[in-house]
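Here's the structure, in structure tokens; my notes come after.
The first residue of the sequence shown is numbered 1, and numbering continues consecutively from there. In listed order, ligands and their atoms are each counted from 1.
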Amino acid sequence: MIMPSPEVNFTASPFYNPILKNVVILATGGTIAGSGEAHKTLNYEPGALPIQDLLDSVPHLERVANCAGVQVSNLCSADITSEHWLTLATLINTLALREDVHGFVITHGTDTLDETSYFLNLVIKTDKPVVITGSMRPATAISADGPLNLYQSVALAANPEASGQGVMVVFAEGIYSGRDVQKVNTFKANAFDERDFGCLGYMRDSQAFFYTRSLKKHTTAAQFDVSTLVELPEVSVAYFHVDANPGILDYLATISKGIIIAGAGGGIYSKPWIDKVGELKNNNIPVVRCSRISSGITLKDSYIDLSANSIPCNSLVPQKARILLSLALTQTTGYEEIAAMFNEY
Ligand SMILES: NC(=O)C[C@H](N)C(=O)O
């Protein structure tokens, strides 16, 4: 999905205020742009409304920042692909070079927002604030949550305190790190959390209050460069469970350059899977061991992996480990180097 350089012009707006910061809004779709039966929260079409409708739904947004909207896509986030990720990264990395661009907001469906936020956190080359948001209720629902989420995201993107914090997610008045944010509820408006690590801070109206920061490498400190890539190495996830057929790993090896195992507990799997992981290592297909549990850490474990045939994921959930392994594979297939990245990022 190659997107020509979009027109981003802040001064064209009749509300342009030279005192305020300039924020680019990159719209990708999701429930925040969803439309359905008046007042209902179910049975709507995500990614139905254009970016201008979303901006118009926020009262007095022009008092917070000068906004310029770019429609990157208008999709349910299940249909976001790595091509969209590469497009977003290129757009942000290019626009961030402009002196008149001070921050970015991405509107996104919530179902894969945790993946997009981690990918961008690893590949964006700017300290300017990048904030991702969405909503749980469509724009047409009673008490739609999109306008407040968007208002607070624009306020955060225009806030110099948000610089250098990596990609952030603003949702239901919380500020979360793109690395650790996770969707934890299928329908409630307060659908995001940061597992054991606490959120970075809170939003109250347009004010930001920061309390912590992520210690893991991101953005300008990260080693990944996607500027010349048109696709990412394919990495698949295998979910372990009682009686899980090890043949699934054989199949995944035919379509993947690397495999993530969502293991049980601290990232464990059965003896037939242990043998299969040994075969995969011999075939030069790196396997990363994660847990199907969404908090805690997965470490080197001689019981499950005496010959160190797999790489422990440290604290990443499988869908985020998949992104790091894919980016790692753009640079190396070396187990030691990849293992170091899982401790650094
Ligand atoms: N709340 C949402 O945004 C869910 C929607 N299905 C999406 O991810 O696009």
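Among all protein heavy atoms, the one lying closest to atom 6 (N) of ligand 1 is Asp111 OD2, 2.9 Å. Here the protein heavy atom with the shortest distance to atom 1 (N) of ligand 1 is Thr110 OG1, 2.7 Å.
Residue contacts with ligand 1 include Ser135, since one or more of its heavy atoms lies under 4.0 Å from the ligand. No heavy atom of Gly134 sits closer than 4.0 Å to any atom of ligand 1.
Comparing Pro46, Ser77, Ala78 against atom 7 (C) of ligand 1, the shortest heavy-atom distance belongs to Ser77.
Annotation for Asp145 and Ser135: closest pair OD1-CB, 3.3 Å, computed over non-hydrogen atoms. Of all the heavy atoms in Ser117 and Lys320, the pair that sits closest is OG-NZ, 4.2 Å. Taking both residues in full, the closest heavy atoms of Leu61 and Cys67 are given as CD2-SG, 4.0 Å, listed atom of the first, atom of the second, then distance.
Within ligand 1, counting atoms from 1 as listed, the ones closer than 4.0 Å to a heavy atom of Met136 are 1 (N). Close approach to Thr31 involves these atoms of ligand 1, each under 4.0 Å from a residue heavy atom: 1 (N), 2 (C), 3 (O), 4 (C), 5 (C). Taking a cut-off of under 4.0 Å to the non-hydrogen atoms of Gly30, the atoms of ligand 1 that pass are 9 (O).
With salt bridges taken as basic N to acidic carboxylate O contacts below 4.0 Å, none links Lys300 and Asp305.
Using a distance-only test at 3.5 Å, with no hydrogens or angles considered, no donor-acceptor pair links the side chain of His108 to the main chain of Gly134.
Between atom OG1 of residue Thr333 and atom CG of residue Leu325 there is a gap of 10.5 Å, rounded to the nearest 0.5 Å.
The side chain to side chain contact (heavy atoms under 4.5 Å, CB included) test with Lys276 singles out one residue from Asp250, Ile259, Ile261, and that residue is Asp250.
Ligand 1 has no N or O atom lying under 3.5 Å from any N or O atom of His108, backbone or side chain.
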